[in-house]
Amino acid sequence: MKKFFKQVMVAILAMANSGDTVQQAMISQLGGAGNVINVRQVGAKGNGRDDDTPYVQKALDQAAGKGGSVFFPKGSYVIDPNRTLIIGSRTKLVGQGSDSVIMASGKKFGWELMRVTGSDVEISNLSLDGNKQVNRVLVVGGGVQRVNISGVTVANASQSKNPSEEGYSEVVAGIVVYGNTSQIKIDSSEVKNIYAINQSNGSMIARGIYITTTWGSNEGAARQVVITNSHIHHIGPADDADGIYYEDPAMDENNGQNTDSLISGNLLEYCAKRGIKIYAQGVKVSDNHIVNSYLNNNYYQGVNKGKLAPDMFSAVSVYGSNNIVHSNVIDGIGSFYAAIEVSAMETVRNTVISNNKIVMGSNSRIKGTTAIRLGNIYNFTIKNNTIENGERGIWTWQNADFGVIKDNTIILKNGGGIDLSTYLDGYTQINLALRGNIIEASNFKIQLASTNQNVTVRA
């Protein structure tokens with residue numbers, strides 16, 4: 001499918017001087033006049049001024065259910081954010097990259113710019129601009145199957161400045177994927193400039209990509225979600241802003257299901273709290289580059305406005321079982337409170353953290369920094385990771401049971417290597433095997449405690 005769209009784009013760009021010629025190229029590549037709808041030919045102007053909402057929606061309606069393609073030639077198509085564009089099933093949207101912009105009008109504030117309501121949808125080579133006039137830019141609705149998003153820029157979601165309007169305090173997101181969905185792919189795309197500006201229930205919440213369920217519904221978690229080769233950046237503020245948040249609310253009732261999902265090959269920068277947060281099961285987080293772009297300059301904007309936050313709270317937080325964090329590069333000028341954090345309350349099971357390279361910023365003023373911080377955890381493997389800087393390399397600070405920590409390289413000039421102690425009453429670290437770890441640390445290599453039971457340490 002990628003090859004197919006590349007062929008389409010080559011033909012379009014080679015003949016982009018004429019709208020008619022572009023249309024003919026699309027018809028030729030897509031197999032007939034009945035398959036391609038040029039939004040200009042149904043009335044859209046794309047001049048960045050006039051309201052193109054009815055014409056773009058007309059084109060989408062004509063294509064829906066028929067396997068039709070809607071083509072957006074170069075231009076800026078202004079959409080009324082109170083009239084969300086609806087994409088039905090078996091529809092393709094294609095543009096000419098960053099030159100084809102679908103943007104929210106600056107006259108009103110709305111909930112969503114665009115929503116996918118049907119299955120078998122493809123969106124490629126478009127720029128979707130919320131223009132700070134919508135809460136969510138692109139939404140994949142509940143129950144939808146097989147949606148491919150490729151080469152798309154999603155930008156500029158925010159909150160209304162009017163306290164009486166919907167959208168004043170809701171979660172801000174670039175892309176939202178709701179529940180009972182499957183086979184949702186986001187590839188080679190960019191999500192940027194997603195900011196909460198109003199305090200909501202004590203926090204300000206923003207997500208670059210937000211996988212969740214419809215509020216108040218009985219939807220199950222999204223499954224087979226694949227997010228690859230994308231650039232996610234400038235998500236804020238520090239109060240509660242994550243680049244990617246994968247959420248299964250059924251876990252609140254211990255009814256979570258494995259999602260069989262992948263987050264891989266992405267670059268995350270300027271994500272003010274976390275790069276990736278997993279409150280779901282069965283997700284593999286691999287081969288991402290998560291950069292801490294802050295150094296003693298990341299401030300809260302909500303109830304603690306003006307107070308210095310951690311450079312970043314974490315690169316990857318894992319709050320669900322059956323997850324893998326593998327071969328990621330985690331670095332940057334700043335440090336993380338915990339570069340990889342597992343659990344803080346409920347016990348997380350069956351976790352593998354392997355082959356990650358973690359470099360904590362050496363000039364950060366954050367206190368209590370840990371590269372891999374393990375809360376309540378059962379049946380885990382921490383292996384082949386490389387860790388530099390910070391106060392602790394690996395720390396089991398709550399209950400840890402049935403785990404292996406092996407073959408890690410830890411170099412901490414001003415800290416300690418592996419810490420199996422806790423400051424909490426009633427917590428134990430039991431049935432742990434440590435072996436083959438190479439540790440250079442100024443404070444301690446391996447710190448044992450009276451709370452340890454059946455812990456073996458071998459070179």
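Along the sequence shown, residues are numbered consecutively beginning with 1. Remember, predicted model here, so these are calculated numbers, not experimental data.
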Enquirer: Are I410 and I394 side-chain neighbours, meaning at least one heavy-atom pair lies under 4.5 Å?
Expert: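 A side-chain contact exists here, since the closest heavy-atom pair is under 4.5 Å.
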
Enquirer: List the atom of A206, the atom of I194, and the distance in Å for their closest heavy-atom pair.
Expert: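 In this case the closest contact between A206 and I194 is CB-O, 3.8 Å.
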
Enquirer: As an exercise, state the distance from CD1 of I235 to OH of Y245, rounded to the nearest 0.5 Å.
Expert: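 It comes to 15.5 Å.
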
Enquirer: Kindly indicate whether the side chain of D311, heavy atoms from C-beta on, has any atom under 4.5 Å from the side chain of L295.
Expert: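 Yes, at least one pair of side-chain atoms sits under 4.5 Å.
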
Enquirer: Check step by step if side-chain contact (heavy atoms from CB on, under 4.5 Å) holds for T259 and I211.
Expert: CA-CA 11 Å; T259 63; I211 301 117; over 6 Å; no

Enquirer: Could you check whether D407 pairs with K383 (Lys NZ or Arg NE/NH1/NH2 to Asp/Glu carboxylate O, under 4.0 Å)?
Expert: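 Looking at D407 and K383, the cut-off is not met.
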
Enquirer: Students often mix this up, so state it plainly: with edges at 30° and 60°, are the rings of F72 and Y77 parallel, tilted or perpendicular?
Expert: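 Ring orientation, 0 to 90° scale: perpendicular.
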
Enquirer: Supply the atom-to-atom distance I37 CD1 to L93 CG, rounded to the nearest 0.5 angstrom.
Expert: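 So the CD1 of I37 and the CG of L93 are separated by 10.0 Å.
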
Enquirer: Quick check: closest heavy atoms across K108 and P81, and the distance to 0.1 Å?
Expert: O-CG, 3.2 Å

Enquirer: Does the side chain of I102 come within less than 4.5 Å of L128's, by heavy atoms?
Expert: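 Yes; the side chains approach each other to less than 4.5 Å.
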
Enquirer: Ring pair (Phe, Tyr, Trp, His ring centres under 6.0 Å) with F109: which residues, sequence neighbours excluded?
Expert: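 In terms of ring pair (Phe, Tyr, Trp, His ring centres under 6.0 Å), with neighbours along the sequence ignored, F109 is linked to no residue.
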
Enquirer: Aromatic contact between H234 and Y270, with the criterion being ring centroids under 6.0 Å apart: yes or no?
Expert: yes

Enquirer: Taking the side chain as every heavy atom from C-beta outward, state whether L267 and V291 have any pair of such atoms under 4.5 Å apart.
Expert: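 Sidechains of V291 and L267: in contact.
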
Enquirer: Roughly how far, to the nearest 0.5 Å, is NZ of K132 from OH of Y195?
Expert: 9.0 Å

Enquirer: Tell me whether K107 at atom NZ has more than 12 heavy atoms from other residues, nucleotides or ligands lying less than 6.0 Å away.
Expert: no

Enquirer: For Q257, does the CD atom have more than 12 heavy-atom neighbours from other residues, nucleotides or ligands under 6.0 Å away?
Expert: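 No, not enclosed.
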
Enquirer: Heavy-atom count around E346 CD within 6.0 Å, excluding the residue itself: above 12?
Expert: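 Count not over threshold, so no.
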
Enquirer: Let me confirm one number: the CD-CE distance from E391 to M360, rounded to the nearest 0.5 Å.
Expert: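 CE of M360 is found 8.5 Å from CD of E391.
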
Enquirer: First locate atom CD of E219, then atom CG of N180, and finally report the distance between them rounded to the nearest 0.5 Å.
Expert: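 E219 CD to N180 CG: 5.0 Å, rounded to 0.5 Å.
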
Enquirer: So do V152 and I175 actually touch side chain to side chain, heavy atoms under 4.5 Å?
Expert: no

Enquirer: Whether the R274 and S317 side chains hold a donor-acceptor pair (N or O, under 3.5 Å, no angle test) is what I'd like checked.
Expert: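 Per modelled atom types, R274 and S317 side chains form a pair under 3.5 Å.
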
Enquirer: Give the minimum heavy-atom separation between M103 and S76, together with the two atoms involved.
Expert: SD-CB, 4.1 Å

Enquirer: For I387, which of N408, L412, T409 qualifies under side chain to side chain contact (heavy atoms under 4.5 Å, CB included)?
Expert: L412

Enquirer: Side chain to side chain donor-acceptor pair (under 3.5 Å): which pairs involve residues 284-293, sequence neighbours left out?
Expert: S264-S286, N266-N288, D287-S327, N288-N328, H289-D331

Enquirer: Shortest non-hydrogen contact from N131 to S105?
Expert: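 Closest heavy-atom pair between N131 and S105: ND2-C, 3.9 Å.
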
Enquirer: Determine the minimum heavy-atom distance between Q159 and N135, stating which atoms define it.
Expert: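 Where Q159 meets N135 most closely, the heavy atoms are CG-ND2, 3.8 Å.
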
Enquirer: Could you verify whether a donor N or O on one side chain and an acceptor N or O on the other, from Y319 and D248, lie under 3.5 Å apart?
Expert: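 There is no such pair between these side chains.
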
Enquirer: Quick one: do the T212 and E247 side chains pair a donor with an acceptor below 3.5 Å?
Expert: yes

Enquirer: Salt bridge or not for R207 and D242, using N-O below 4.0 Å?
Expert: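 Salt bridge: yes.
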
Enquirer: At what distance, to the nearest 0.5 angstrom, does NZ of K357 lie from CG of N385?
Expert: 13.0 Å

Enquirer: For Y55, is the OH atom crowded, meaning more than 12 foreign heavy atoms sit under 6.0 Å from it?
Expert: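 Count not over threshold, so no.
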
